[in-house]
Amino acid sequence: MQVQQLHPWPDTVEEAEAVQDRLRPRVELTGPASFDLVAGLDVHYHGDGELTAAVVVMDAGTLAVAEQVVAHGKAAFPYVPGLFAFRELPALVEALERLTVTPDLLVCDGYGLAHPRGFGLACHLGVLTGLPALGVGKTPFVGTHEPPGPERGDWTPITYDGAVVGRALRTRPGVKPVYVSQGHRVSLDTVTAQVLRLAPRYRLPEPIRRADHLARHP
DNA sequence: GCGACAG
DNA sequence: ATCTTGTCGC
């Protein structure tokens, strides 16, 4: 599939933040509620900044794998909280460009709107591809929230600067919640419904688990 | 003011 | 992210 050009690539924290501020207005917070093909994205780090990005496309209904690709590369930016996306973006974009099918939804590991400047990895990938995208985080990042109830499907809002930016969502009974947020062209209700549907058995959505496995064992 | 801070 | 043993549970 085709992905929008990345350059110019930022060299400094200030330039990276400026890129986020420039792209943030392009984020759309409404869109389709159902999808045929969903793509899970993840990156695995080796040593020396070497990394492998993996994308696994699955049938949204059956969770059968439709296509999977990897791309090797190097971390493209130092790790700075809030600028995490710049480490992985080039390798993830490269992997997406190698896909012969175009997914209808990107399921990203990391945040979307629930981000210090409202523009996490899921927003960035959504805007560059034009595709609906959502973010799934494994630890709380920004904002505050109450612990959700103990049952699968229970959730509480994540609030940041007086606005709701995501949800703490229980995907397995009695297991730590995941932290979900909108990336691009999806509502928060759709994000919640899709993550629940894509995680019928484990804490994390199946597409992310498959991508994680593929990145580790290419 | 200080520490913490997606992966 | 990664460094790491054993342990509990399905």
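Keep in mind the model is a prediction, meaning the values are calculated, not measured. Numbered from 1 within each chain, the chains take letters A, B, ... in sequence-line order.
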Open item on the list: Between C1' on B:dG7 and OH on A:Y179, what's the gap in Å once rounded to a whole number?
Closed with: 15 Å

- [ ] To the nearest Å, give me how far apart CZ (A:F84) and C1' (B:dG7) are.
- [x] 4 Å

Open item on the list: One thing to verify: whether A:D189 and A:R167 come together as a salt bridge, which I'm taking to mean a side-chain N less than 4.0 angstrom from a carboxylate O.
Closed with: yes

TODO: Spell out protein contact along nucleotides 2-7 of chain C as letters: B when the base is contacted, S when just the sugar-phosphate is, - when no protein heavy atom is under 4.0 Å; keep the 5' to 3' order.
DONE: S-----

Task: Spacing of A:L92 atom CG relative to C:dA1 atom P, expressed in whole Å - done: 14 Å

Open item on the list: Mind checking if A:Y79 touches a base, just sugar-phosphate, or nothing, with heavy atoms under 4.0 Å?
Closed with: base

Open item on the list: Go nucleotide by nucleotide along DNA chain C from the 5' end; which of A:K138 and A:R201 gets its closest nucleotide reached first?
Closed with: A:K138

Task: Any residue meeting side-chain contact (heavy atoms from CB on, under 4.5 Å) with A:A122, in chain and number order, not counting sequence neighbours - done: A:C108

Open item on the list: What does the 5'-to-3' dot-bracket notation of DNA chain C look like when only Watson-Crick and G-U wobble pairs under 3.5 Å count, and pairs to other strands show as |?
Closed with: ..........

Open item on the list: Under 4.5 Å side-chain heavy-atom separation, chaining through any Ile, Leu, Val, Met, Phe, Trp or Tyr, what else clusters with A:Y202? Say none if it is isolated.
Closed with: none

- [ ] Just call it for A:L121: base, sugar-phosphate, or nothing, with non-hydrogen atoms closer than 4.0 Å on any strand.
- [x] base

Open item on the list: Can you tell whether the side chains of A:R209 and A:D212 come within less than 4.0 Å, N to carboxylate O?
Closed with: no

TODO: Using a heavy-atom cut-off of under 4.0 Å over every strand shown, decide if A:L83 touches base, sugar-phosphate, or nothing.
DONE: base

- [ ] Pick base, sugar-phosphate or nothing for A:G120, based on heavy-atom distances below 4.0 Å to the nucleic acid.
- [x] base

Task: Sequence neighbours excluded, every pair satisfying salt bridge (Lys or Arg N to Asp or Glu O under 4.0 Å) that has a member inside residues 78-103 of chain A - done: A:E94-A:R98

Task: Ion pair check, A:R170 and A:E151, cut-off under 4.0 Å - done: no

Task: The single option from A:Y111, A:F119, A:F84 passing ring-ring contact (aromatic ring centres under 6.0 Å, His included) against A:H124 - done: A:F119

TODO: Return each pair, listed once, that meets salt bridge (Lys or Arg N to Asp or Glu O under 4.0 Å) where at least one residue sits in residues 57-77 of chain A; pairs must be two or more places apart or across chains.
DONE: none

TODO: Round to the nearest Å and state the distance from A:Q20 atom CD to B:dA6 atom P.
DONE: 14 Å

- [ ] Would you tell me if any nitrogen or oxygen in the side chain of A:T139 comes within less than 4.0 Å of OP1 or OP2 on B:dG7?
- [x] yes

TODO: Take atom OH of A:Y160 and atom P of B:dA4, then tell me their distance rounded to the nearest Å.
DONE: 18 Å

Open item on the list: Donor-acceptor check, side chain of A:E15 to backbone of A:D11, threshold 3.5 angstrom: yes or no?
Closed with: yes

Task: Whole angstrom value for the distance that separates P of B:dA6 from NE2 of A:H145 - done: 13 Å

- [ ] Looking at every strand, decide which applies to A:G82 at a 4.0 Å heavy-atom threshold: base, sugar-phosphate, or nothing.
- [x] base

- [ ] Starting at atom CZ of A:F86, determine the distance to atom P of C:dA1, rounded to an integer number of angstrom.
- [x] 20 Å

- [ ] Round to a whole Å and report the spacing from CG of A:L113 to P of B:dA6.
- [x] 18 Å

- [ ] Indicate whether the side chain of A:H72 and that of A:T52 have a donor and an acceptor atom separated by less than 3.5 Å.
- [x] yes

